[in-house]
Amino acid sequence: QLQASGGGLVQAGGSLRLSCAASGRLFSSNAMNWYRQAPGKQRELLATITSGGSTNYADSVKGRFTVSRDNAKNTVYLQMNSLNAEDTGVYYCNFLTNRAPWGQGTLVTVSS
């Protein structure tokens, strides 16, 4: 089970920190992804963090977003800075492999 939180309304240039709590499997041994689904668009992969803490980012968020994890809390985070209107969408997390059912996600709205 995946529960994302931390979304909201923010002005362009602002920041938000998203959280995603995972349950149902051994979190610490799994790589995790963050995704975004903008209005009218397909879900896109934004960031990956491996079990060892290595990270990778989509070009659209590189340098602005930072993914991290706290294995003790079974939680993955997405720190989002310098937000712009194109970052508006519903944000989800999921396991890199053997994806779990998608949770509800958390809505981020960036006003320009």
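All values below come from the heavy atoms of this structure, side chains included, with hydrogens, waters and symmetry mates left out.
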Exercise. Side-chain contact, heavy-atom cut-off 4.5 Å: Met80 with Asp87?
Worked result: no
For this session: Evaluate the side-chain proximity of Thr66 to Leu78: yes if any heavy-atom separation is below 4.5 Å, no if none is.
Result: no
For this session: For the residue pair Ser15 and Gln79, establish whether any side-chain heavy-atom pair is separated by less than 4.5 Å.
Result: yes
Exercise. What closest approach, in Å, do Leu9 and Ser111 show between heavy atoms, and which atom pair accounts for it?
Worked result: CD1-CB, 4.3 Å
Exercise. Can a cation-pi geometry be assigned to Arg36 and Tyr92, taking NZ or CZ under 6.0 Å from the six-membered ring centre and within 45° of the ring axis?
Worked result: no
Exercise. Near Lys62 NZ, under 6.0 Å, is it more than 12 heavy atoms from other residues, nucleotides or ligands?
Worked result: yes
Exercise. Take atom CD in Gln104; do more than 12 heavy atoms of anything else shown fall under 6.0 Å from it?
Worked result: no
Exercise. Tyr57 and Tyr35: same hydrophobic cluster, using ILVMFWY side-chain contacts below 4.5 Å?
Worked result: no
Exercise. If we only count heavy atoms from C-beta on, is the Ser112 to Asn84 side-chain gap below 4.5 Å?
Worked result: no
For this session: Check Ser19 against Thr75 and note the closest heavy-atom contact, atom names and distance.
Result: CB-CG2, 4.2 Å
Exercise. Which heavy-atom pair separates Ser28 from Ser51 by the least distance, and what is that distance?
Worked result: O-CB, 3.2 Å
For this session: Working to the nearest 0.5 Å, report the span between OG of Ser68 and CD1 of Ile49.
Result: 6.0 Å
For this session: Would you kindly confirm whether Leu16 and Leu46 end up in one hydrophobic cluster when ILVMFWY residues are joined by side chain heavy atoms under 4.5 Å apart?
Result: yes
Exercise. What are the two closest non-hydrogen atoms of Val10 and Leu83, and how far apart are they?
Worked result: CG1-CD1, 3.6 Å
Problem set entry | Atom of Leu2, atom of Cys93 and distance for their closest heavy-atom approach | CD1-O, 3.2 Å
Problem set entry | Residue pair Val67 / Tyr77, side-chain heavy-atom distance below 4.5 Å | no
Exercise. Is any side-chain heavy atom of Tyr91 less than 4.5 Å from a side-chain heavy atom of Leu107?
Worked result: no
Exercise. Would you say Gln3 and Ser23 make side-chain contact, with heavy atoms under 4.5 Å?
Worked result: no
Exercise. Hey, is the main chain of Thr109 close enough, under 3.5 Å, to the side chain of Thr88 for a donor-acceptor pair?
Worked result: no
Exercise. Does the side-chain hydrogen bond (donor to acceptor under 3.5 Å, both in side chains) test come out yes or no for Asn56 and Thr48, once each step is laid out?
Worked result: CA-CA 5 Å; Asn56 195 38; Thr48 300; 5.6 Å; no
Exercise. Linking I/L/V/M/F/W/Y whenever their side-chain heavy atoms sit closer than 4.5 Å, directly or via other members, would Leu18 and Phe95 fall into one cluster?
Worked result: yes
For this session: Give a yes or no on whether the ring-centroid distance for Trp34 and Phe65 is below 6.0 angstrom.
Result: no
Exercise. What pair of heavy atoms forms the shortest contact from Phe27 to Val76, and how long is it?
Worked result: CZ-N, 4.0 Å
